[in-house]
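Values reported hereafter were calculated over all heavy atoms of this structure, with side chains retained and with hydrogens, waters and symmetry mates removed.
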Amino acid sequence: MKKKYSTIKLVSLFVGSILTVSCNDSFLDRYPIAEISPENSFKTADDLRLYTNGFYEQLPSIRSIIDADLKTDNVLYSSIPEEQRSHERILPSETGSGGWDWEDLREINLFFDNYQRCTDEAGRDKYEGVARFFRAWFYFDKVKRFGDVPWYETVIQTDDTDLLYKARDSREFVVSKIIQDLEIAVDKLGDERASDQVTRWTALALLSRVCLYEGTFRKYHTELGIQGSDTLLQKAYEAAGRVMDESGYTLYSTGNPDTDYRDLFASTLKEDEVILGRRYSLTLNQMHNVNYYLTSRTQRDIGLTKDLVDSYLQLNGMPFTSKTGYATMEFYDEMQSRDRRLAQTIRSLGYQRIGGTATLLPDFAATMTGYQLCKFLSDETQDGDGASYQDVAFIRYAEVLLNYAEAKAELGIITQDDIDRTIRLIRSRVSMPNLDMTSANQSPDAVLAALYPNVSGSNQGIILEIRRERRIELVMEGFRWDDLVRWKAGKLLEPHFIGMYFPSLGEFDLDGDGAPDLMLYTGTAPSTTAAQSVEIGGVLQLTEGDHGNLIGFKDNTKQFDESRDYLYPLPTGDLLLNENLEQNPNWDK
């Protein structure tokens, strides 16, 4: 009876668990997947279009994109994520939990089992390409999370016990299948550009992402002994190079370095830069709550960390951390003459909401560090819970440029011309000086070198600077966790993250206008003309007691286990159901 029950339980994950998906974005006409009858569907190109439109629902939401960075050293918020407290992590128990879920794959593989019924060859090729892209997207997420995973390319039936109870395939095999899917998709898809549709350029961009991730993962996780790093890195820059040379994408710019970066994330998709994104709509009532999430005092109090803020260069291109006394500068001084992306990412001096006229300082009731995120915020009319409708990008041309530069740098073949084609363009949007390869390699930044001690060699400096550029350009877009994993930099999650520096308790003039803006105190709140007062003690403290940097959860232990935490554990329920599955290393101790 136990074996029969197990089979039924597993089949529910692979065969019968089809999620009913609501209409969203521009994909308003589609078949209800749960009611598909393969015998009378999949016959025309329009059938395939309607079916594959449902795959776009598998892409992340704007909230999940932002939340992905909450696990990382970019953010301090109102909790310590489980990824930073290894000693307290609990194994998921329920079958199919903890990310070990397969419903989306079943929907994709149902297409592959039936799309050949279509007699329209051109339509069949196009939507095969779309389906292959989404299968690659699905499996890339699984490999990043679990490493080895079972590869399935057909819908599993109730009598497919060999498939139901198979062991995991190696990550090398699965990555090769992901790459194969994407390379076929590149050949099958058209070369039109559409920011909310999968095209050849979407597949090439994802191919560059996958190969860069896996190539660097294998390079830095040498203890795993996985070969093929250089081959993957070559594929990464070749795929990115095709997008650069053939697609016609550019970086969005109106010529205003003080607003262009901000505007990328605050309204509709920018067609010249966004290679794939999701649309939201007030008219169609397809909305989210990002404005409310980032501004409400009842949400997660998201604050960017001082370590991140310190990584932004000075306006002249020199490291901020090269300035004497940078670590103990107060807000007004540290915001002077910085990379313009900083003031378009956090509330800096002179900050105003889009469409607003009031000058706003950080709201210390909505951020734990004082560095309050403003990236993604639209105008104040969208601040209500569920009232926001700005679009979100999943793949931007800027990422492709960064992929190209990093892959070549890791291979040791990057040139100044490569930097000029990539980093220079990204910095030019915000009127920042270009990166000089010779200077970077002759004098690697000491602060960055301390963050990433496993980077060495003649290209150490340029690799470190590309990592800086990636962290800044893509902040809060869901990349930082993956980057820390593939670079084997998980130890950066162990320190307690800190925020603004204050030399004492008392009143502070944050904007330099001569009037107090903030009162820090302990015990009973004193009388003050400052608009904001913050009690120090409890969860939020100062690093040195009566002075120092804002710090949260100072008395809690943080830990990252290098021997296991780069991968997530499999649910114990699935290990019981399938004796051929093995737990990830050191999760069963």
- Are E469 and R427 within salt-bridge range, i.e. N to O under 4.0 Å? yes
- Geometric class of the F217/Y213 ring pair [parallel <30°, tilted 30-60°, perpendicular >60°]: parallel
- Message: Could you check whether N403 and E399, counting side-chain N and O atoms only, form a donor-acceptor pair closer than 3.5 Å?
- Response: yes
- Item | Under-4.0 Å salt bridge between D73 and R471 | yes
- Using a strict cut-off of less than 4.0 Å between a Lys/Arg side-chain nitrogen and an Asp/Glu carboxylate oxygen, indicate whether R353 and D383 qualify as a salt bridge. yes
- Item | Residues R341 and E473 bridged, charged N to O under 4.0 Å | yes
- Between K488 and E223, is a salt bridge (charged side-chain N to carboxylate O under 4.0 Å, His left out) present by the stated rule, with each step listed? CA-CA 11 Å; K488 201 178 181 184; E223 75 282 359; 3.0 Å; yes
- Item | Between S86 and D565, a side-chain donor and acceptor under 3.5 Å | yes
- Query: What closest approach, in Å, do D148 and R171 show between heavy atoms, and which atom pair accounts for it?
  - Reply: OD1-N, 2.8 Å
- Message: Cation-pi check for Y220 against R467: NZ or CZ below 6.0 Å from the six-membered ring centre and within 45 degrees of the axis, yes or no?
- Response: yes
- NZ/NE/NH1/NH2 to OD/OE distance under 4.0 Å, K306 and E334: yes
- Task: Would you mind checking if D181 and R135 are paired as a salt bridge, meaning a charged N to carboxylate O distance below 4.0 Å?
- Result: yes
- Task: Give a yes or no answer on whether the side chain of Q390 reaches the backbone of A266 with a donor-acceptor pair at less than 3.5 Å.
- Result: no
- Message: Between the side chains of E238 and R242, is the shortest nitrogen-to-carboxylate-oxygen separation below 4.0 Å, so that they form an ion pair?
- Response: no
- Item | Residues D483, R486: salt bridge by 4.0 Å N-O rule | yes
- Query: Could you state the interatomic distance from CE (M318) to CG (D445), rounded to the nearest 0.5 Å?
  - Reply: 9.0 Å
- Mind checking whether F502 and F331 have ring centres under 6.0 Å apart? no
